[in-house]
S.K.: 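Handing you this structure, nothing more for now.
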Amino acid sequence: MNWWKGPSLILAILLLGGCTLLPEREPVERAWYLLELPDEPAARTAEEPVAVELGSVRVAPAYAGNGLVYRLGNHQYESDYYNEWFLKPSEQVEQLLRERWTRSGAALELVDNASAVREQGRPAVRVHVLITALYGDLEAVTGIESNGPGASGVGHMGLRAQLTQGERSRLVHLESDQALERRSASQLVAALSRATAEVLADLEDAILEDAEAMRDD
């Protein structure tokens with residue numbers, strides 16, 4: 001037998017016998033998440049709600065996919081293959097807005113046609129939403145009041161909305177940073193959920209301000 005045939009034969013026997021020379025590695029499990037808003041800040045309430053028509057809800061391309069997104073640097077983002085949204089971010093934000101604006105006692109009342117409501121003499125606002133940011137930044141730990149000594153980054157949420165009443169229209173840009181207690185997908189989702197709640201409450205304030213300004217005109 002040639003000298004090289006011995007090792008080759010042993011390797012073939014090991015492979016055929018179900019053995020491997022590579023170390024065993026546990027498979028990484030995939031996980032899916034949803035934005036779940038905390039109780040605070042709560043949706044605004046009022047006895048006489050302002051009518052609001054929800055137009056388009058879009059997400060900037062960098063954050064529109066299913067994977068959780070991490071900011072790596074200037075204009076550099078990475079999507080997480082193993083930790084994903086159960087629904088696309090645009091679907092989640094639209095669902096959250098509709099849920100908030102159909103609650104009993106809410107300051108905003110969801111309607112199908114803002115123009116028709118205005119013809120009845122009621123203030124009504126049409127809203128188009130663009131999510132400009134929805135990501136984790138594991139390096140941005142300075143300047144965030146909620147960061148404790150063990151803060152490990154922030155979850156950042158940004159939103160731009162076009163508010164229209166008849167011929168009047170304006171853009172508002174809102175954003176929020178919320179600290180991550182540790183670096184994990186579940187912590188990022190929790191931080192983004194808190195940031196989203198804060199931004200949606202600020203959006204409601206902006207809509208109510210517009211409606212009040214229309215009443216004063």
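The structure presented is a predicted model; accordingly, all values stated were derived computationally and were not measured.
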S.K.: Using 0.5 Å steps for rounding, measure from the CG atom of Leu35 to the CD atom of Glu91.
M.R.: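 So the CG of Leu35 and the CD of Glu91 are separated by 12.0 Å.
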S.K.: Tell me the closest heavy-atom pair linking Thr132 and Tyr63, and the distance in Å.
M.R.: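 Closest heavy-atom pair between Thr132 and Tyr63: O-CE1, 3.0 Å.
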S.K.: For a quick test of reading the model, state the closest non-hydrogen atom pair linking Asn66 to Lys88 and the distance between them.
M.R.: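 Heavy atoms only, the tightest pair is OD1-CG, 3.3 Å.
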S.K.: Would a hydrophobic clustering, with Ile, Leu, Val, Met, Phe, Trp and Tyr connected at side-chain separations under 4.5 Å, put Val172 with Val125?
M.R.: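 Yes, one cluster joins them.
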S.K.: Scan side-chain atoms only and decide if His156 and Asp137 contain a donor-acceptor pair under the 3.5 Å cut-off.
M.R.: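 Side chains of His156 and Asp137: no pair found under 3.5 Å.
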S.K.: Which heavy atom of Ala60 sits nearest to which heavy atom of Leu130, and what is that distance?
M.R.: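 Distance-wise, the nearest heavy atoms are N-CD1, 3.8 Å.
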S.K.: Indicate yes or no: at least one non-hydrogen side-chain atom of Leu203 is less than 4.5 angstrom from one of Leu163.
M.R.: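 Result yes, sub-4.5 Å side-chain heavy-atom pair found.
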S.K.: Find out if a path of hydrophobic residues (ILVMFWY) with successive side-chain heavy-atom gaps under 4.5 Å connects Val111 to Val127.
M.R.: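 In one cluster with Val111: Val127, no.
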S.K.: Does a side-chain heavy-atom distance below 4.5 Å link Ile131 with Met157?
M.R.: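 Side-chain contact under 4.5 Å: yes.
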S.K.: If we ignore hydrogens and angles and just use 3.5 Å, is the side chain of Ser193 paired with the main-chain N or O of Glu36 as donor and acceptor?
M.R.: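 Yes; judged by distance alone, with no hydrogens or angles, the pair exists.
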S.K.: If I take atom CG from residue Leu180 and atom CZ from residue Arg194, how far apart are they, to the nearest 0.5 angstrom?
M.R.: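 Nearest 0.5 Å value for the CG-CZ distance: 7.5 Å.
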S.K.: Could you tell me whether Arg58 atom CZ has more than 12 heavy atoms of other residues or ligands within 6.0 Å of it?
M.R.: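 Not buried by this count: 12 neighbours or fewer within 6.0 Å.
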S.K.: Hey, does the side chain of Glu109 reach the backbone of Ala51 with a donor-acceptor pair shorter than 3.5 angstrom?
M.R.: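 Looks like no, no N/O pair under 3.5 Å.
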S.K.: Regarding Ser176 and Gln178, is there a side-chain donor-to-acceptor distance under 3.5 Å anywhere?
M.R.: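 Ser176 vs Gln178: donor-acceptor pair found between side chains.
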S.K.: Considering only NZ, NE, NH1 and NH2 on the basic side and carboxylate oxygens on the acidic side, decide whether Glu53 and Arg118 come within less than 4.0 Å.
M.R.: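 Judged by the 4.0 Å cut-off on N to carboxylate O distance, Glu53 and Arg118 do not form a salt bridge.
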S.K.: Could you walk me through whether Arg170 and Glu209 satisfy the side-chain contact (heavy atoms from CB on, under 4.5 Å) test, starting with their C-alpha distance in whole Å, then the side-chain angles of each, then the deciding distance to 0.1 Å, before giving a yes or no?
M.R.: CA-CA 12 Å; Arg170 75 171 175 125; Glu209 289 173 5; 3.9 Å; yes
S.K.: Count I, L, V, M, F, W, Y as connected when their side-chain heavy atoms are under 4.5 Å apart, and connections chain through other members. Are Leu200 and Val59 then in the same cluster?
M.R.: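 Same cluster: Leu200 reaches Val59 through Ile, Leu, Val, Met, Phe, Trp or Tyr contacts under 4.5 Å.
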S.K.: Check step by step if side-chain contact (heavy atoms from CB on, under 4.5 Å) holds for Thr164 and Gln162.
M.R.: CA-CA 6 Å; Thr164 303; Gln162 181 182 30; 3.9 Å; yes
S.K.: Is a side-chain donor-acceptor pair under 3.5 Å present for Glu204 with Trp101?
M.R.: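 Yes.
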S.K.: Between Leu110 and Val129, is there shared hydrophobic-cluster membership here, with clusters defined by ILVMFWY side-chain heavy atoms closer than 4.5 Å?
M.R.: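 Linked, Leu110 and Val129 end up in one cluster.
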S.K.: Please step through side-chain contact (heavy atoms from CB on, under 4.5 Å) for the pair Arg100 and Leu37, ending with a clear verdict.
M.R.: CA-CA 11 Å; Arg100 289 168 74 90; Leu37 304 190; 3.7 Å; yes
S.K.: May I ask you to decide whether Glu78 forms a salt bridge with Arg71, counting only side-chain N to carboxylate O separations under 4.0 Å?
M.R.: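 Result for this pair is no, no salt bridge flagged.
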S.K.: Check whether Leu68 and Leu87 end up in the same hydrophobic cluster, where Ile, Leu, Val, Met, Phe, Trp and Tyr are linked by side-chain heavy atoms less than 4.5 Å apart.
M.R.: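 As far as the 4.5 Å side-chain criterion goes, Leu87 and Leu68 are not connected within one cluster.
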S.K.: Considering all heavy atoms of both residues, which atom of Ser79 and which atom of Gly67 are nearest to each other, and what is their separation?
M.R.: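 Minimum heavy-atom separation between Ser79 and Gly67: OG-CA, 3.4 Å.
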S.K.: Does any non-hydrogen side-chain atom of Leu108 lie less than 4.5 Å from one of Arg44?
M.R.: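 SC-SC contact between Arg44 and Leu108 ruled out.
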S.K.: Do Val69 and Leu134 touch side chain to side chain, with heavy atoms closer than 4.5 Å?
M.R.: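 No, their side chains stay 4.5 Å or more apart.
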S.K.: Are any of the side-chain heavy atoms of Arg30 and Tyr81 separated by less than 4.5 Å?
M.R.: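 Yes; the side chains approach each other to less than 4.5 Å.
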S.K.: Could you pull out the closest heavy-atom pair between Ala195 and Gly155, with the gap in Å?
M.R.: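 Closest approach of Ala195 to Gly155: CB-O, 4.2 Å.
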S.K.: Considering all heavy atoms of both residues, which atom of Pro41 and which atom of Ala197 are nearest to each other, and what is their separation?
M.R.: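 Looking at all heavy atoms of both residues, the shortest contact is CG-O, 3.7 Å.
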S.K.: Does Arg98 pair with Glu94 as a salt bridge, N-O distance under 4.0 Å?
M.R.: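 Yes, charged N to carboxylate O under 4.0 Å.
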S.K.: Evaluate the side-chain contact (heavy atoms from CB on, under 4.5 Å) criterion for residues Tyr33 and Trp85: first the C-alpha distance (whole Å), next the side-chain angles of each, then the deciding distance (0.1 Å), finally the verdict.
M.R.: CA-CA 5 Å; Tyr33 300 90; Trp85 297 114; 4.3 Å; yes
S.K.: Please confirm whether Tyr135 and Tyr77 have ring centers closer than 6.0 angstrom.
M.R.: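 Yes, the ring of Tyr135 comes within the 6.0 Å limit of the ring of Tyr77, centre to centre.
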S.K.: Nearest 0.5 Å, what's the CG-CD distance between Leu97 and Gln92?
M.R.: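 Between atom CG of Leu97 and atom CD of Gln92 there are 12.0 Å.
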